[in-house]
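Here the structure comes first, spelled out in structure tokens, and everything after it is commentary.
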Amino acid sequence: MIIQPGIAKAKLGLSREDVTLEDHPLNPNPDSRWNTYFKDNEVLLQIDKDVRRLCPDFSFFLNPTEYPCQLIMDPENEYETLRKRVEQTTLKSQTVARNRSGLTNVSSPLKASASHSLSDIEPLPTGSEAHWEVVERILFIYAKLNPGIAYVQGMNEIVGPIYYTFATNPNSAWREHAEADTFFCFTNLMAEIRDNFIKSLDDSQCGITAKMERVYSTLKEEDEELYLRLQEQNIKPQFFAFRWLTLLLSQEFVLPDVIRIWDSLFADENRFDFLLKVSCAMLILIRAQLLEGDFTVNMRLLQDYPLSDGDVLPILKKAKELQDSK
């Protein structure tokens, strides 16, 4: 799925058939393998941009993996890596506009850092590949296997914590299969949350709009004064809850905190109902600041959540209280 059309192993003595009379790079036929290759490049470019800035507060994703894909990295096979493919493309990033992130994206100071570009990433030795390249391959293969949704910006934030958890396992026998295990878990998780990434479902019963409204309806039940304050200031849930719910809070906190929240989230049978409770708990825990602040101050609070004492446990504890009160 990631190999350029027609490339064959040179050692087998096979001739390249990537350019034939029927199929060539200028062939406009939608069934052309080359046509598919160029369309894939548009998706790949967006994935590449996103995975390079994954968890910028950690150097982990820039480091080489202990277990690179030998088939692709073997120079004898003449296979180009996805990274090489991106370097060779002349596509412009403006051609891809499948963004499902929040309306305004104010980064938390905890997560703020310059994204890594080709120029500031030190080249790895031949035969090595960085962890972000493994994540890139996972997302690209997922997009190829799921053309109905393909890749939507934000999926990189979902796959990152899963891969990090597997790739840092103390057991080397498990670490070796981090890529495959991550792909399996990511595919299963996306089966549960994919509706959040499909724009045409936004206003349906299973879409993200209904889920955001449930955050406010829960808040109204638990703290009507705070609910009315946010309504009075015309602070709509899509201004902040869109990102919270779609990305499972992965952009609101640093990676260790995200993993701690996900531990509780995925251990719950009604995990996405619990996510709504966590979101509501986050609002209630900063109620004093929200009641005091004006629209601008409150928007900044909600888009750059102030973590008290750097600990997410009070949020989880409050969410559990909200859940048990029903």
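Predicted model, so just to flag it, every value in this text is computed and none were measured.
Interatomic distance, Leu44 CG to Lys49 NZ, rounded to the nearest 0.5 Å: 12.5 Å. Put simply, CD on Glu133 and CZ on Phe140 are 14.0 Å apart, with the number rounded to the nearest 0.5 Å. Atom CG of Leu316 is separated from atom CG of Asp311 by 8.5 Å, given to the nearest 0.5 angstrom. In this structure, the separation between CG on Leu276 and CG on Leu219 is 12.0 Å, given to the nearest 0.5 Å. Rounding to the nearest 0.5 Å gives a distance of 11.0 Å between CD of Gln153 and CD1 of Ile47. Atoms CZ and OG, from Arg243 and Ser250 in turn, are 9.5 Å apart once rounded to the nearest 0.5 Å.
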Go through Asp324 and Lys320 one step at a time and tell me if the side chain to side chain contact (heavy atoms under 4.5 Å, CB included) criterion holds.
-> CA-CA 6 Å; Asp324 292 343; Lys320 191 66 179 160; 3.7 Å; yes
Before giving the answer on side chain to side chain donor-acceptor pair (under 3.5 Å), spell out for Gln323 and Asp268 the whole-Å C-alpha distance, their side-chain angles and the decisive distance to 0.1 Å.
-> CA-CA 11 Å; Gln323 188 179 50; Asp268 196 294; 3.0 Å; yes
Verdict with supporting geometry, Asp48 and Leu82, side chain to side chain contact (heavy atoms under 4.5 Å, CB included) = CA-CA 9 Å; Asp48 189 79; Leu82 291 179; over 6 Å; no
Full working for side chain to side chain contact (heavy atoms under 4.5 Å, CB included) between Phe272 and Leu245 = CA-CA 9 Å; Phe272 302 113; Leu245 300 180; over 6 Å; no
Phe186 and Met155: CA distance, side-chain angles, deciding distance, side chain to side chain contact (heavy atoms under 4.5 Å, CB included) verdict | CA-CA 9 Å; Phe186 174 67; Met155 288 181 183; 4.2 Å; yes
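Here the rule is side chain to side chain donor-acceptor pair (under 3.5 Å) with Lys211, and of Asp273, Asn196, Thr246, Asp195 only Asn196 fits it. The side-chain contact (heavy atoms from CB on, under 4.5 Å) with Lys318 is formed by just one residue from the set Leu283, Val278, Ile284; it is Ile284.
Salt bridge status for Glu232 with Arg229: present, with a side-chain N to carboxylate O gap under 4.0 Å. A salt bridge is defined here as a Lys NZ or Arg NE, NH1 or NH2 lying under 4.0 Å from an Asp or Glu carboxylate O, and Glu129 with Arg137 meets this definition. With respect to Arg83 and Glu136, no salt bridge is recorded, no charged nitrogen being found less than 4.0 Å from a carboxylate O.
If you check the side chains of Gln46 and Asp50, you find a donor sitting under 3.5 Å from an acceptor. With 3.5 Å as the limit, one finds a donor-acceptor pair spanning the side chains of Arg260 and Ser264. Gln233 and Asn298 form a side-chain donor-acceptor contact under 3.5 Å, judged by distance and modelled atom types alone. A donor and an acceptor atom, one from each side chain of Tyr151 and Asn146, are nowhere located under 3.5 Å apart. Looking at Asn41 and Lys39, their side chains never bring a donor and an acceptor atom within 3.5 Å of each other.
Phe166 and Phe184 sit in two unconnected hydrophobic clusters of ILVMFWY residues. Membership requires side-chain heavy atoms under 4.5 Å apart, directly or through other members. In the hydrophobic clustering of ILVMFWY residues, with side-chain heavy atoms under 4.5 Å counting as a link, Val134 and Tyr67 come out apart. The hydrophobic clustering, which links ILVMFWY residues whose side-chain heavy atoms are closer than 4.5 Å, places Trp174 and Tyr163 apart.
Heavy atoms of other residues, nucleotides or ligands lying less than 6.0 angstrom from CD of Glu292 number 12 at most. Under a cut-off of 6.0 angstrom, the local environment of NZ in Lys144 is crowded, with over 12 non-hydrogen atoms contributed by other residues, nucleotides or ligands. Around atom CZ of Arg214, no more than 12 heavy atoms belonging to other residues, nucleotides or ligands sit under 6.0 Å away.
Counting heavy atoms from C-beta on, the side chains of Trp132 and Asn63 never come closer than 4.5 Å. When side chains are defined from C-beta on, Leu275 counts as touching Leu249, because their heavy atoms get closer than 4.5 Å. The side-chain heavy atoms of Gln70 and Pro68, taken from C-beta on, include a pair separated by under 4.5 Å. Here the side chains of Leu291 and Glu225 are in contact, with some heavy-atom distance below 4.5 Å. Side-chain contact check for Lys236 versus Asn234: some heavy-atom pair is nearer than 4.5 Å. Using a 4.5 Å heavy-atom cutoff, the side chains of Phe61 and Tyr164 are in contact. In this structure the side chain of Tyr216 reaches within 4.5 angstrom of the side chain of Gln231, judged on heavy atoms.
Here the closest non-hydrogen pair linking Ser279 and Trp244 is O-CZ3, 3.5 Å. When all heavy atoms of Ala319 and Ala281 are compared, the pair lying nearest together is N-CB, 3.7 Å. Here the closest non-hydrogen pair linking Ile286 and Leu302 is CD1-CD2, 4.4 Å. Nearest heavy atom pair, residue Phe197 against residue Gly154, reads CE2-C, 4.2 Å. Leu54 and Asn156 make their closest contact through CD1-O, 3.2 Å (heavy atoms, listed as atom of the first residue, atom of the second, distance). Across every non-hydrogen atom of Phe60 and His131, the tightest pair is O-CD2, 3.2 Å.
A donor-acceptor distance shorter than 3.5 angstrom exists from the side chain of Gln303 to the backbone of Phe239, with no hydrogens or angles considered. With Asn169 contributing its side chain and Arg175 its backbone, the two residues share no donor-acceptor pair below 3.5 Å. At distances below 3.5 Å, at least one donor-acceptor pair connects side-chain atoms of Trp262 with backbone N or O atoms of Leu248. In this structure, Tyr142 contributes its side chain and Thr187 its backbone to no donor-acceptor pair below 3.5 Å.
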